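Working notes, structure below.
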Amino acid sequence: MTEAKKVILQHAWDRLVSIGATVLALIIPLERIPGFWEETPLDALEAVVTVLFVIDVGVRLRRVDAGGAAGSLGVRLRRYARAGLLLDVLAAVPFRLFVGVTPLQFLRLLKLVRVAQFQHALRRRNVQHSNVLRLAFFVYWLFLSVHWISCGWIALRGAGAGLDAGTRYLSALYWCVSTMTTVGYGDVTPAGNAQRLYAIGVMILGVGVYGFIIGNIATILANIDPARAAFLRKVERLSAFMRYRRLPPVLQNRIRDYYAYLWEQRLVYDESDILNDLPQSLRTEIDLFLKRDIIENVPLFRGASDAFIREIALEMKPVVCLPGDEVIRAGERGDDMYFITRGVLEVLAPDGRTVINTLTDGDFFGEIALVLDQPRSAGVRAATYCDLYRLDRAMFSRVLTHYPGIAAQIEDRARERHGRSTFP
Ligand code: CMP
């Protein structure tokens with residue numbers, strides 16, 4: 001069985017066990033309420049859950065990491081003992097069957113530890129939805145707590161004795177929810193000190209829960225689209241700056257257009273900032289994924305070795321140019337070359353006006369200064385918005401030394417273009 005299938009099966013099983021534990025968590029407190037159990041026979045349900053829990057002990061024994069496939073039963077048992085064997089065994093014992101209604105039944109609720117562990121694992125696996133899951137699991141525990149508190153209220157005879165089981169439960173639930181949500185109509189009031197103390201506890205709990213839920217929802221809403229939120233913050237700061245420094249409206253519009261372009265092209269994140277936190281292997285994977293368009297589009301790289309593509313993907317830095325930007329000025333010293341992912345650029349004669357060629361997706365430029373070690377032979381100006389990747393001199397030299405085939409192609413192109421752009 002593949003590893004992925006194993007994980008899916010394991011999760012399905014854990015989900016089933018969690019459902020079983022939840023069922024017990026619902027019915028065991030009800031058993032404790034005198035007169036309640038006889039009216040609500042849930043024995044069959046308890047029996048099914050018991051079988052499930054017994055099997056689960058076996059499943060967990062198999063699953064325990066015994067340090068290699070050869071782990072003997074003894075080793076497994078010892079490791080499982082440290083990982084909560086007692087908890088699973090206690091949860092699997094149907095105490096009520098042996099000793100009748102007994103507080104020992106509550107020991108079976110220890111299985112809820114496994115539910116919490118499962119929820120924790122789910123949140124770790126679903127990092128993107130971790131906040132939503134946190135709230136969902138919180139609501140789960142809240143519902144369980146509301147149920148337990150309602151059962152406690154019935155046990156304290158807070159909910160009209162003499163009524164049928166369902167009505168008593170509903171009225172206890174009504175009291176619990178109205179107290180916990182701080183609504184408190186006052187139509188059900190505590191009688192006697194025990195009930196009063198109980199009500200005080202529930203009120204204090206209710207206020208805490210309320211704050212927690214509101215705080216969580218605020219975090220989730222703020223995190224629904226963090227990229228967009230960060231982008232809008234940036235744009236707002238920039239707008240404030242532009243107004244404050246009274247930039248000319250034409251320049252303001254160019255800046256706004258630039259940001260709109262960044263957003264459309266998904267270039268808002270400062271990638272290097274985020275990638276720096278990751279291990280090298282993951283960074284390479286992500287870089288390869290993000291730069292696959294340029295690598296696939298540049299004829300020069302087609303058929304290049306994997307090693308070359310990996311190396312160059314890490315070294316190339318993305319650059320965005322606006323229409324009219326001069327990426328290269330003729331006569332200046334050049335320390336980098338560029339590959340075009342998207343956009344159109346014009347090659348200008350040293351007079352800065354005459355267009356001698358246009359370059360577009362998949363082309364590269366700026367290589368002459370590096371190959372022939374001379375000042376820039378021509379100017380290059382963006383005619384549209386352009387996405388480029390920049391390769392600096394140091395990396396370029398590595399390419400020359402380690403990948404002679406590709407270096408030869410770049411050199412050929414440099415000499416050919418240089419011949420064409422030598423102006424009188
Ligand atoms: P470099 O001299 O470093 O800077 C200007 C770049 O423009 C140059 O490298 C070439 O990549 C490019 N270039 C120069 N002349 C031409 C041409 N005739 N056709 C296309 N590109 C050119």
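Every number for a ligand or one of its atoms is a count from 1 in the order of the listing. Start at 1 with the first residue, then count along the sequence. Note that this is a predicted model, so its numbers are computed, not measured. All values below come from the heavy atoms of this structure, side chains included, with hydrogens, waters and symmetry mates left out.
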Using a 4.0 Å heavy-atom cut-off, say whether Leu370 meets ligand 1 through its side chain, its backbone, both or neither.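 Under 4.0 Å from ligand 1, Leu370 contributes no heavy atoms.
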Within reach of ligand 1, part of Asn357 (heavy-atom separation under 4.0 Å): side chain
Test your reading of the structure: does Arg417 have an N or O sitting under 3.5 Å from an N or O of ligand 1?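 Arg417 vs ligand 1: N/O contact under 3.5 Å present.
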Regarding Tyr140 and Thr22, do their side chains bring together a donor and an acceptor under 3.5 Å, going by distance alone?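 On atom types as modelled, these side chains qualify, holding a pair under 3.5 Å.
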Would you say the side-chain atoms of Asp257 and Tyr385 include a donor-acceptor pair closer than 3.5 Å? no
Considering the heavy atoms of [X], write down every atom of ligand 1 situated less than 4.0 Å from one of them.
| X | answer |
| --- | --- |
| Glu367 | 3 (O), 9 (O), 10 (C), 11 (O) |
| Phe365 | 11 (O) |
| Ala369 | 1 (P), 2 (O), 3 (O) |

Under 4.0 angstrom from ligand 1, any heavy atom of Gly334?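 It does not, in that no heavy atom of Gly334 comes within the 4.0 Å cut-off of ligand 1.
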Tell me, please, whether Tyr389 has Lys317 positioned over its six-membered ring: NZ or CZ under 6.0 Å from the ring centre and within 45 degrees of its axis?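 Geometry flag: not set, cation outside 6.0 Å or 45°.
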Indicate yes or no: does Arg283 engage Asp277 in a salt bridge with an N to O separation below 4.0 Å.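 Looking at Arg283 and Asp277, the cut-off is not met.
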With a 4.5 Å limit on heavy-atom distance, are the side chains of Tyr261 and Leu322 in contact? no
CZ on Arg108 to CG on Leu24, rounded to 0.5 Å: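 Between Leu24 CG and Arg108 CZ, I get 5.0 Å after rounding to 0.5 Å.
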Which option wins on minimum heavy-atom distance to atom 4 (O) of ligand 1: Arg376, His418, Arg329? Arg376
